[in-house]
There are 2 protein chains.
Amino acid sequence: MPLEPSTPVDPRTPRADAQRNRDRILAEAAALVAEQGTQASLRDVARRAGVGLGTLYRHFPTREDLLEALLGRRFDHLAARADTLAATEPAERALTDWLYEFTLDAGAYQGLPATLMATLEDPESALYAGCLRMRQAGGRLLAAAQRDGLIRPDVTPLDVFALANALSWITDRAPTLTERRDHLFRLVLDGFRPRP
Amino acid sequence: MPLEPSTPVDPRTPRADAQRNRDRILAEAAALVAEQGTQASLRDVARRAGVGLGTLYRHFPTREDLLEALLGRRFDHLAARADTLAATEPAERALTDWLYEFTLDAGAYQGLPATLMATLEDPESALYAGCLRMRQAGGRLLAAAQRDGLIRPDVTPLDVFALANALSWITDRAPTLTERRDHLFRLVLDGFRPRP
DNA sequence: ACCTGAACACCGTTCAAGT
DNA sequence: ACCTGAACACCGTTCAAGT
């Protein structure tokens with residue numbers, strides 16, 4: 001009969017030093033990605049966090065894993081926000097307001113629109129689930145607006161996701177056009193409305 | 001009194017070996033960029049062309065210089081095409097046909113939409129002139145369509161350039177959506193039309 | 001004039017050796 | 001279990017030395 005372990009160990013409770021390293025990595029990653037975008041050097045992140053390069057890779061095997069850790073909460077918030085809007089606003093306002101907020105969030109980091117868009121091609125990406133939740137949240141608002149005849153029936157959740165990311169990308173690559181952002185947003189959204 | 005040079009040298013006629021190197025670099029660059037996109041390794045280009053790395057940099061000091069050499073003819077063709085369409089087609093058709101062709105060309109190489117868009121922020125880029133020609137060509141077609149009341153007056157040539165690039169970018173990052181390309185194109189263009 | 005390639009300062013990723 | 005950093009195979013860019 002096996003001995004009880006002298007100190008009870010919950011496998012889900014990581015060692016204290018591991019947890020501390022993870023936190024440091026995340027803090028520095030948040031700072032560096034905010035500064036330099038999603039393509040920031042992982043070496044730099046490890047350096048600034050004061051951990052070995054291997055430690056970073058152990059905690060976050062891919063760049064997407066790291067980004068997911070940075071963005072997860074934001075995704076959750078945005079998904080919940082869709083349901084709030086659906087419950088409190090008319091269908092069209094709910095859709096447009098949510099899409100606008102999504103567009104802002106997708107531009108939170110330089111390079112993020114490209115990262116999110118590329119996720120569509122890679123279901124194994126750590127960001128895939130988050131993007132899917134965004135597409136589903138947007139899809140629910142879209143369906144409601146379509147049910148009311150406010151949005152063309154041939155617009156899919158994927159169309160919406162792609163175009164919202166594309167709008168974020170415009171100001172991502174050409175910050176000069178930030179002043180044009182709201183206008184471009186309205187222009188694209190008008191294309192979703194049925195021709196009378 | 002200075003001697004005449006023994007062989008008359010036109011400074012605009014480069015040395016034969018230089019010209020040959022230039023041609024080789026361009027040929028290999030075209031192939032590699034077609035394979036791997038605008039971010040293809042310049043080292044690889046030099047290697048494949050059989051020239052030293054310094055030779056590549058001498059002929060094309062920046063990546064944009066190289067891309068301009070690859071894309072210049074395409075820009076010229078597209079600018080001329082705008083005038084042909086303006087002369088032969090109704091204003092709206094001319095605009096939409098041209099924009100569609102531009103969108104295809106902007107997606108000629110992987111990564112090209114991002115490269116073109118970034119050019120807006122850098123007037124010193126070798127690609128700036130070509131992009132400007134595209135914006136002007138599109139601008140003329142846009143103005144004609146607006147004069148006929150077919151396109152909203154608050155759409156600018158820059159809006160059109162940005163959105164056309166954004167459409168190219170969608171299929172650039174997510175090839176899966178290529179089947180959706182024409183649909184997305186129509187959607188965005190419908191946003192340009194005046195609300196009745 | 002033009003070409004070459006070593007040199008420099010970076011990457012991402014892996015993995016043997018340590019505690 | 002977890003951490004470290006050297007090792008490997010790449011980059012872009014510059015520039016001294018060659019012809």
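With a 3.5 Å ceiling on both atom-pair distances, the Watson-Crick or G-U wobble partner of D:dT14 is C:dA6. Across all strands shown, D:dT19 pairs with C:dA1; the Watson-Crick or G-U wobble distances both stay below 3.5 Å.
Proximity of a side-chain donor or acceptor of B:Arg173 to a complementary backbone N or O of A:Leu116 within less than 3.5 Å is not detected.
Nucleotide C:dT13 holds its P atom 11 Å from the CG atom of A:Asp65, rounded to whole Å. Regarding B:Arg22, its CZ atom lies at a distance of 11 Å from the P atom of C:dC3, rounded to whole Å. Atom CZ in B:Arg48 sits about 11 Å away from atom P in D:dC11, given to the nearest Å. Per the geometry, CZ belonging to B:Arg43 stands 10 Å off C1' belonging to C:dG5, to the nearest Å. One can place CG of A:Asp17 at 8 Å from P of D:dC2, the figure rounded to the nearest angstrom. One atom, CD of A:Gln19, and another, C1' of D:dA1, lie 14 Å apart when rounded to the nearest Å. Atom-to-atom, CG of A:Asp44 to P of C:dC10 comes out at 9 Å; the value is rounded to the nearest Å. Rounded to whole Å, the distance from CG on B:Leu67 to P on D:dG12 is 12 Å.
Each of C:dC3, C:dT13, D:dC2 was ranked by its minimum atom distance to the side chain of A:Ala18; first place goes to D:dC2. Checking C:dT4, D:dT13, C:dC2 against every side-chain atom of B:Leu42, the shortest atom distance belongs to D:dT13.
When the side-chain nitrogen and oxygen atoms of B:Asn21 are compared with OP1 and OP2 of C:dC3, one or more of them lie within a distance under 4.0 Å. A close approach under 4.0 Å does occur between a side-chain nitrogen or oxygen of B:Arg63 and OP1 or OP2 of D:dG12. For C:dC3, the OP1/OP2 oxygens have a side-chain nitrogen or oxygen of B:His59 closer than 4.0 Å. In this model, the phosphate group of D:dC2 is approached by a side-chain N or O of A:Arg58 to a distance below 4.0 Å at OP1 or OP2. For A:Ser41, a side-chain nitrogen or oxygen approaches OP1 or OP2 of C:dG12 to under 4.0 Å.
You'll find the side chain of A:Asp148 stays beyond 4.5 Å of the side chain of A:Glu92, heavy atoms only.
Using a 4.0 Å heavy-atom cutoff across all strands shown, A:Arg47 reaches sugar-phosphate atoms only and no base atom. Among the protein residues, A:Leu53 comes within range of the nucleic acid bases, having at least one heavy atom under 4.0 Å from a base atom. Looking at heavy-atom distances under 4.0 Å, B:Thr55 makes contact with a base.
Using a 30° and 60° split on the angle between ring planes, A:Trp169 and B:Trp169 fall in the parallel class, below 30°.
Salt-bridge formation is detected for the pair B:Asp76/B:Arg133: a Lys NZ or Arg NE/NH1/NH2 atom is positioned less than 4.0 Å from an Asp or Glu carboxylate oxygen. Salt-bridge formation is detected for the pair B:Asp190/A:Arg152: a Lys NZ or Arg NE/NH1/NH2 atom is positioned less than 4.0 Å from an Asp or Glu carboxylate oxygen.
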